[in-house]
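All values reported here derive from a predicted model rather than from experimental measurement. In the text below, chain A, chain B and the rest are named by the order of the sequence lines, each starting its count at 1.
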Amino acid sequence: MAQTTSMQHSEIAAIDAGAVLRWYDRHARYLPWRVSPADRAKGAKPNPYFVWLSEIMLQQTTIAAVRKYFAAFTSLWPTVEDLAAAPLDDVLVQWAGLGYYARARNLHACAVAVVAHHGGVFPKTASALRDLPGIGDYTSAAIAAICHDEQVAVIDGNVDRVVARYLALPSPVREEKPLVRATVQHSVPPRAGDFAQAMMDLGATICAPRRANCLLCPLEPDCLGTKTGNPLAFPVPPKKSEKPRRHGHAFIIRNPNGKVFLRQRGPKGMLAKMTETPGSEWTETRLAPAFPFINDWHQVGEVLHTFTHFHLTLTVWSVTADTPLDEGWWAEETRLDGEALPSLFRKVLKTAGIE
DNA sequence: AAGGCGGGGCA
DNA sequence: TGCCCAGCCTT
């Protein structure tokens with residue numbers, strides 16, 4: 001077995017890290033949480049709090065979407081101590097619209113843990129970072145490499161794609177994970193942080209999902225994907241599963257004072273602890289609407305609109321209520337900025353002209 | 001190992 | 001419309 005491991009090791013293809021770094025030194029993207037390669041060469045180090053915050057926000061989220069949120073968070077909470085001291089509800093308000101709200105809950109829990117268990121200083125190794133909430137294989141490696149040049153493999157969707165093309169991998173990335181990891185780990189140079197960011201920039205600007213600008217790519221000379229004549233054939237897409245469509249009802253309840261009724265969702269599941277307009281369960285078959293607070297809802301309500309959000313088809317009702325309601329609060333229609341309203345419920349309110 | 005999570009942008 | 005984006009967590 002040891003011999004087999006040795007043989008496999010000798011067969012692992014390497015990425016030309018020198019070529020990648022030379023390209024990065026000229027073409028690095030400037031981002032607010034980043035230290036440029038030139039400043040890095042002078043000894044400048046990135047702020048681990050900024051790097052961590054940006055990495056969490058960037059999970060399955062584009063840079064364009066993250067910019068404003070990063071600016072707002074660092075303005076409100078300049079340090080991890082500030083973030084840890086903030087109420088979770090305030091963090092959810094600021095996160096509203098960015099999606100994947102478990103990230104916001106884990107973000108806050110992680111800040112609290114860093115302050116409570118690490119003296120307000122982020123751990124320096126990928127292994128220790130990996131134990132914090134919301135930090136997995138990718139994010140732990142990214143922080144350790146970018147902040148401390150730990151020579152770990154940093155593998156995100158960009159790197160998966162670059163390597164899948166570079167090696168012309170015949171199977172979906174999920175099945176090729178060990179080979180991708182071995183290849184990247186085998187290639188990490190001492191400038192591990194710049195290398196990690198370079199590979200991601202390469203995937204974002206040259207070796208992009210639907211466009212490969214091979215003429216400008218530092219890896220082109222050895223790229224097997226290019227040699228096949230169709231690098232865009234990689235990575236091979238996984239089989240996609242059908243998702244059932246779900247149906248639900250949402251109620252826009254307004255009182256005579258022109259306020260709208262909102263409430264907080266439960267602590268588990270979809271959009272946990274976020275603000276919502278009251279509604280029904282979401283089921284696979286279309287349900288007759290039932291609203292717990294108003295027995296004769298159908299006498300005072302009317303359908304405003306029906307729209308689809310992901311796999312959810314939502315029917316929006318307008319309801320007038322003149323009695324106090326429990327389990328929620330009445331909000332000024334013009335002051336929804338202070339609510340932890342996900343995009344879904346902002347869409348609901350927008351159908352009634354409330355924004 | 002697979003599925004759920006949420007939203008925006010772009011071809 | 002479908003796919004992708006600096007993935008993580010749960011079952």
inquiry  = The criterion is salt bridge (charged side-chain N to carboxylate O under 4.0 Å, His left out); which residues satisfy it with A:Glu55, sequence neighbours excluded?
reply    = none
Sequence-aligned protein contact record of nucleotides 3-11 of chain B, with B where the base is within under 4.0 Å of a protein heavy atom and S where only the sugar-phosphate is = BSBBBS---
query = According to the side chain to side chain donor-acceptor pair (under 3.5 Å) rule, which pairs have a member within residues 157-167 of chain A, sequence neighbours left out?
reply = A:Asp156-A:Asn158, A:Asn158-A:Arg161
request  = Can you sort out the partners of A:Lys239 under salt bridge (charged side-chain N to carboxylate O under 4.0 Å, His left out), two or more places apart, ordered by chain and number?
outcome  = none
ask   = Base, sugar-phosphate, or nothing: which does A:Leu31 touch, judged by heavy atoms less than 4.0 Å apart?
value = base
Using distance only, find each side-chain donor-acceptor pair of residues 87-99 of chain A under 3.5 Å and give its atom names and separation, not counting sequence neighbours.
unit_1: A:Trp95; atom_1: NE1; unit_2: A:Gly99; atom_2: O; d: 2.9

key: SB check A:Asp137 A:Lys177 (cutoff 4.0 Å)   = no
inquiry  = Regarding A:Ser54, tell me which of base, sugar-phosphate or nothing describes its non-hydrogen contacts under 4.0 Å with the strands shown.
reply    = nothing
inquiry  = Just to verify, what does A:Arg40 make a salt bridge (charged side-chain N to carboxylate O under 4.0 Å, His left out) with, not counting sequence neighbours?
reply    = A:Asp149, A:Asp194
task = Could you list where the contact with chain A starts and ends along DNA chain C, reading 5' to 3', using a 4.0 Å heavy-atom cut-off?
result = C:dC3 to C:dC9
ask   = Which part of the nucleic acid, if any, lies within contact of A:Arg346, taking any heavy atom under 4.0 Å across all strands shown: a base, the sugar-phosphate backbone alone, or nothing?
value = nothing
key: Pairs touching residues 338-349 of chain A that satisfy side chain to side chain donor-acceptor pair (under 3.5 Å), sequence neighbours left out   = A:His309-A:Lys347, A:Trp329-A:Glu339
inquiry  = Tell me if the aromatic rings of A:Phe50 and A:Phe70 count as close, with their centers under 6.0 Å from one another.
reply    = yes
inquiry  = Taking side chain to side chain donor-acceptor pair (under 3.5 Å) as the cut-off, I'd like each qualifying pair that reaches into residues 57-70 of chain A, sequence neighbours left out, listed once.
reply    = A:Gln59-A:Thr139, A:Thr61-A:Arg103
note = Residues in residues 150-170 of chain A with a heavy atom under 4.0 Å of DNA chain C, by number, are A:Asp156, A:Gly157, A:Asn158, A:Arg161
message = Is it the case that over 12 heavy atoms from other parts of the model lie below 6.0 angstrom from the CZ atom of A:Arg29?
response = yes
Range-with-range stems of DNA chain C (Watson-Crick or G-U pairs under 3.5 Å, three or more in a row) = B:1-5 with C:7-11, B:7-11 with C:1-5
inquiry  = Using a strict heavy-atom distance below 4.0 Å, which residues from residues 125-138 of chain A are in contact with DNA chain B?
reply    = none
inquiry  = Check this for me: does any side-chain nitrogen of one of A:Lys42 and A:Asp39 sit under 4.0 Å from a carboxylate oxygen of the other?
reply    = yes
Interatomic distance at P, C:dA6 relative to B:dA1, whole Å = 26 Å
query = At under 4.0 Å between heavy atoms, what does A:Arg211 touch on the DNA or RNA strands: base, sugar-phosphate, or nothing?
reply = nothing
request  = Mind checking A:Trp52 for me? I need base, sugar-phosphate or nothing, with any heavy atom below 4.0 Å counting as a touch.
outcome  = nothing
